[in-house]
Amino acid sequence: MRPFDYRSPTDAAEAVRTVAGDPAAVFLGGGTNLVDHLKLGVAAPGLVVGVAGLLSTEIEDLGSGALRVGAGVSNSELAADGRVRERFPVLSQALLSGASGQLRNMATTGGNPLQRTRCVYFQDVTTPCNKRVPGSGCSALGGWTRNHAILGASEHCIAVHPSDMAVAMTALDARVRVLGPDGERTLPFGDLHRLPGDTPERDTVLEHGELITAIDLPGQPLARRSAYRKVRDRASYAFALVSVAAAVEVEDGAIVDARIAFGGVAHAPWRARRAEDVLRGSEASERSYLAAADAELADARPAEGLDGGNAFKIPLLRRTLAATLRDLVREDAP
């Protein structure tokens with residue numbers, strides 16, 4: 001680990017000014033994997049600015065079922081909150097499927113979405129990686145690809161975003177409140193993360209010095225009938241091979257509305273809008289669920305690799321979406 005300076009500002013505004021004024025400065029908050037990267041030599045900031053204790057730890061009612069979640073709220077607290085469990089079960093389930101109890105106690109609403117990708121090549125400083133050193137190449141291409149992207153990847157990066165919470169937030173149409181050197185702004189959660197394109201070193205659209213202060217969950221009856229399903233190699237403490245966050249509204253055997261997002265398959269939480277379009281107005285049936293999956297996966301591009309590649313994710317995700325919708329519709333039946 002390389003030496004760095006550390007500061008503990010007195011409030012969020014001071015933290016933003018400090019980081020914005022130093023190109024080599026970074027925020028440290030619960031849920032990011034910065035400490036891991038400091039130890040591995042992946043990250044070498046000159047200044048680390050701690051924001052623990054500076055951000056709201058409250059979950060506020062905004063009326064009409066909406067909630068504002070302070071960026072300092074822990075994943076454990078958010079998952080256990082009665083309002084979240086009742087109004088947004090998909091979010092509670094996603095949080096509880098991630099990491100361990102100890103890590104959920106430390107991870108926060110503002111930090112968890114800012115985890116960097118968990119590619120083994122990104123974490124190994126002896127290998128080329130465009131995310132770590134732009135222009136150096138992507139060692140994952142033709143390498144170990146089992147856990148990598150099938151949607152939205154580029155020739156520069158095929159890694160996937162690791163957060164379960166972020167997949168649920170994307171499906172829920174959450175909004176991110178951000179404080180930066182130029183003041184406050186709000187953006188859709190689904191716009192927070194970037195696909196790699198030719199600049200995979202940029203994970204999000206946040207500018208240097210911008211800090212997440214809260215996430216708003218809009219009140220919508222649809223979200224009360226929602227679920228998160230995660231498929232992984234072992235029962236706990238494992239990242240998703242594929243995951244599905246889904247919410248549906250069903251009337252008289254037809255799907256009136258749907259919200260769907262995928263995890264474990266792209267550089268960002270993947271909003272499945274093609275699948276949603278197929279489902280709206282369709283019969284609540286296995287045929288519709290599979291047709292929705294096929295529409296979303298039409299552009300899937302699996303990666304070959306030394307470990308057999310990740311083409312298995314396409315049928316796996318197809319079945320996972322169908323199973324998630326099947327269970328939700330069954331619960332919705334009178």
Side-chain angles (χ1 to χ4, degrees), residues 64-67 78-79 81-98 150-151 163-174 188-190 217-232 235 240-266 269-300 312-334:
S64 301
L67 294 176
L78 185 59
D81 187 273
R83 294 163 294 180
V84 174
R85 292 166 63 90
E86 179 184 0
R87 302 176 200 174
F88 310 98
V90 63
L91 177 56
S92 181
Q93 293 168 20
L95 288 163
L96 291 174
S97 73
I150 59 173
L151 292 167
S163 171
D164 295 293
M165 185 189 85
V167 182
M169 290 287 194
T170 299
L172 291 171
D173 290 319
F189 193 96
L217 297 169
Q220 45 186 336
L222 176 74
R224 293 176 181 265
R225 184 66 66 189
S226 62
Y228 186 75
R229 186 176 294 237
K230 178 177 181 178
V231 182
R232 46 191 164 180
L241 291 172
V242 301
S243 67
V244 172
V248 293
E249 180 182 354
V250 180
E251 290 183 5
D252 299 325
I255 298 175
V256 177
D257 202 0
R259 300 285 188 279
I260 298 171
F262 297 152
V265 295
W270 187 268
R271 182 65 180 267
R273 296 193 183 277
R274 288 184 182 178
E276 293 174 359
D277 290 342
V278 170
L279 288 170
R280 290 189 186 100
S282 297
E283 176 189 16
S285 67
E286 195 78 5
R287 178 181 298 179
S288 298
Y289 310 152
L290 294 175
D294 291 340
E296 196 63 49
L297 291 168
D299 293 335
F312 72 93
K313 285 191 175 187
I314 295 176
L316 180 59
L317 183 55
R318 187 175 186 261
R319 294 192 298 268
T320 302
L321 176 60
T324 306
L325 293 172
R326 188 188 315 127
D327 287 349
L328 283 174
V329 169
R330 185 181 299 125
E331 291 175 10
D332 206 41

What are the two closest non-hydrogen atoms of L321 and Y289, and how far apart are they?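 Result for this residue pair: CD2-O, 4.2 Å.
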Any idea which heavy atoms bring V167 and A261 closest together, and the distance? O-CB, 3.5 Å
Note, L279 side chain near L325 side chain (heavy atom, < 4.5 Å):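 The answer is yes, as the side chains (C-beta and beyond) meet within the 4.5 Å cut-off.
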Restricting to salt bridge (charged side-chain N to carboxylate O under 4.0 Å, His left out), what partner residues turn up for D81, sequence neighbours left out?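 Partners of D81 under the salt bridge (charged side-chain N to carboxylate O under 4.0 Å, His left out) test: R83.
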Is there a side-chain contact (heavy atoms from CB on, under 4.5 Å) between L297 and I150 once you walk through the steps? CA-CA 9 Å; L297 291 168; I150 59 173; 4.3 Å; yes
Spacing of [atom1] belonging to [X] relative to [atom2] belonging to [Y], to within rounding of 0.5 Å:
{"X": "L222", "Y": "F88", "atom1": "CG", "atom2": "CZ", "answer": "10.5 Å"}
{"X": "L328", "Y": "R229", "atom1": "CG", "atom2": "CZ", "answer": "8.5 Å"}
{"X": "I260", "Y": "W270", "atom1": "CD1", "atom2": "CH2", "answer": "14.0 Å"}

Strictly by modelled atom types, are Y228 and S97 linked by a side-chain donor-acceptor pair under 3.5 Å? no
Within the distance-only criterion (no hydrogens, no angle test), does the side chain of [X] pair as donor or acceptor with the backbone N or O of [Y] below 3.5 angstrom?
{"X": "S226", "Y": "V90", "value": "yes"}
{"X": "S288", "Y": "A284", "value": "no"}
{"X": "E296", "Y": "R274", "value": "yes"}
{"X": "K313", "Y": "L241", "value": "yes"}
{"X": "S92", "Y": "A79", "value": "yes"}

Between R271 and E276 (salt bridge meaning N to carboxylate O under 4.0 Å), is one present in this structure?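 E276 and R271: salt-bridged.
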Applying side-chain contact (heavy atoms from CB on, under 4.5 Å), run through D257 and R280 and close with a yes or a no. CA-CA 5 Å; D257 202 0; R280 290 189 186 100; 2.7 Å; yes
Take V242 and F262 through the side-chain contact (heavy atoms from CB on, under 4.5 Å) test and state the conclusion after the steps. CA-CA 7 Å; V242 301; F262 297 152; over 6 Å; no
Under the criterion side-chain contact (heavy atoms from CB on, under 4.5 Å), I'd like the reasoning laid out for L172 against L91: C-alpha separation, chi angles, the key distance, then a yes or no. CA-CA 8 Å; L172 291 171; L91 177 56; 4.1 Å; yes
E249 vs R225, salt bridge (charged side-chain N to carboxylate O under 4.0 Å, His left out): CA-CA, chis, key distance, verdict: CA-CA 7 Å; E249 180 182 354; R225 184 66 66 189; over 6 Å; no
